[in-house]
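Reckoned from all heavy atoms, side chains included, excluding hydrogens, waters and symmetry mates. We count residues from 1, following the sequence as given.
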Amino acid sequence: MGTGGAVAPASAGGPESGRREKHPRRRILDAIFYVVRTGCAWRQLPKDFAPWPTVYWYFTWWQDDGAVERIHDALRSKVREADGRDAEPSAGLIDSQSVRTADTVPAATRGFDAGKKVKGRKRCIVTETLGLLLAVHVVAASVQDRDGAKRPLLWTRLDHPEVRKVCGCRHALDPAG
């Protein structure tokens, strides 16, 4: 990946700080990236990675700890600054997309989008003007766009108070109201 210590500092402790890790954290990250990139189940991780329960444990630990979101936010800021922009965005875009789901997905979390003729789920996302993610919310496809947009707009307002305008398909939305 080539970020070195730009996002996550290297482990500070040496052999005197405790037992050495059996699986290097870089290999844990590579395994998580593999799951994200391929969409495979955790249990189907190839054997050249750490065992899937170990990888999954680190992922849930970092997710619950907020580390995944902090890394995402730091990388977004670096990309924006490299493009000559302020680290924090001032405008965003919102859209939704209905996607088909398997029959194994619980009925309570899927629905039918009559406008798009899709049975499944709908993802409502807010991005900044470079297309980098600010907020995402997944709902049943039967949820109207205006209702599915409420949470990501609220999250954008709370997490990115500098965002003053969010544009949708037809008109601009004020995240404050």
Side-chain angles (χ1 to χ4, degrees), residues 7 28-29 31-45 52-53 55-80 83 85-177:
V7 175
I28 301 290
L29 278 173
I32 291 170
F33 293 151
Y34 181 87
V35 169
V36 170
R37 194 175 313 113
T38 65
C40 78
W42 291 104
R43 292 175 186 264
Q44 294 174 330
L45 267 174
W52 77 265
V55 175
Y56 183 73
W57 182 86
Y58 272 102
F59 175 74
T60 56
W61 178 35
W62 292 336
Q63 182 72 30
D64 294 345
D65 177 68
V68 173
E69 190 170 347
R70 286 192 305 275
I71 291 170
H72 176 264
D73 292 346
L75 290 173
R76 183 183 53 243
S77 295
K78 286 186 175 293
V79 168
R80 288 185 57 81
D83 197 50
R85 299 173 183 246
D86 290 337
E88 278 297 316
S90 60
L93 307 161
I94 187 166
D95 200 3
S96 67
Q97 180 183 23
S98 296
V99 293
R100 286 184 184 24
T101 55
D103 291 334
T104 56
V105 174
T109 63
R110 60 184 161 100
F112 184 73
D113 185 340
K116 297 175 185 161
K117 309 284 190 264
V118 173
K119 184 178 182 180
R121 290 182 175 160
K122 182 180 289 185
R123 56 181 166 238
C124 302
I125 64 167
V126 178
T127 65
E128 46 89 279
T129 55
L130 290 177
L132 303 172
L133 192 63
L134 296 177
V136 64
H137 185 50
V138 178
V139 295
S142 56
V143 174
Q144 293 291 320
D145 286 354
R146 70 172 181 265
D147 297 327
K150 289 178 181 176
R151 283 190 180 171
L153 284 172
L154 174 64
W155 295 334
T156 300
R157 172 83 169 143
L158 296 174
D159 295 341
H160 307 281
E162 296 83 6
V163 173
R164 296 288 175 225
K165 186 174 278 193
V166 177
C167 297
C169 294
R170 294 194 179 101
H171 56 278
L173 305 171
D174 180 7

To the nearest 0.5 Å, how far apart are [atom1] in [X] and [atom2] in [Y]?
| X | Y | atom1 | atom2 | result |
| --- | --- | --- | --- | --- |
| W61 | I28 | CH2 | CD1 | 11.0 Å |
| L133 | I125 | CG | CD1 | 6.5 Å |
| L29 | I71 | CG | CD1 | 7.0 Å |

What are the two closest heavy atoms between [X] and [Y], and how far apart are they?
| X | Y | value |
| --- | --- | --- |
| C124 | A149 | SG-N, 4.3 Å |
| S98 | A141 | OG-CB, 4.3 Å |
| L134 | P89 | CD2-CG, 3.9 Å |

Is any side-chain N of the basic residue among R76 and D73 closer than 4.0 Å to the acidic one's carboxylate O?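 Looking at D73 together with R76, the answer is yes, because their closest N to O distance falls below 4.0 Å.
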
When you measure from the side chain of E128 to the backbone of G131, do you find a donor-acceptor pair of N or O atoms at a distance under 3.5 Å? yes

Walk me through whether E162 and D86 qualify under side-chain contact (heavy atoms from CB on, under 4.5 Å). CA-CA 10 Å; E162 296 83 6; D86 290 337; over 6 Å; no

Is it the case that over 12 heavy atoms from other parts of the model lie below 6.0 angstrom from the OH atom of Y56?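 No.
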
Quick one, L130 and R85 - any side-chain contact, counting heavy atoms below 4.5 Å? yes

Residues in ring pair (Phe, Tyr, Trp, His ring centres under 6.0 Å) contact with W155, at least two apart in sequence or another chain: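 Only H137 meet the ring pair (Phe, Tyr, Trp, His ring centres under 6.0 Å) criterion with W155.
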
Please determine which of W57, W52, F59 meets the ring pair (Phe, Tyr, Trp, His ring centres under 6.0 Å) test together with W42.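 Of the listed residues W57, W52, F59, the ring pair (Phe, Tyr, Trp, His ring centres under 6.0 Å) partner of W42 is F59.
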
Which pairs of donor and acceptor atoms, one on a side chain in residues 31-41, lie under 3.5 Å apart (sequence neighbours left out)?
from: T38; atom 1: OG1; to: Y34; atom 2: O; distance (Å): 2.8
from: T38; atom 1: OG1; to: C40; atom 2: N; distance (Å): 3.3

List the steps and the verdict of side-chain contact (heavy atoms from CB on, under 4.5 Å) for V166 and R157. CA-CA 10 Å; V166 177; R157 172 83 169 143; over 6 Å; no

Could you tell me which residues satisfy salt bridge (charged side-chain N to carboxylate O under 4.0 Å, His left out) with D64, sequence neighbours excluded, listed by chain and number? none

Sequence neighbours left out, what passes salt bridge (charged side-chain N to carboxylate O under 4.0 Å, His left out) with R151? Give chain and number order.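 Salt bridge (charged side-chain N to carboxylate O under 4.0 Å, His left out) check on R151 returns nothing, list empty.
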
Residue pairs passing the salt bridge (Lys or Arg N to Asp or Glu O under 4.0 Å) test where at least one lies in residues 88-99, sequence neighbours excluded: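 Qualifying pairs, neighbours excluded: none.
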
Applying salt bridge (Lys or Arg N to Asp or Glu O under 4.0 Å) as the test, list every pair that has at least one member in residues 104-127; sequence neighbours left out. D113-K122, K122-D145

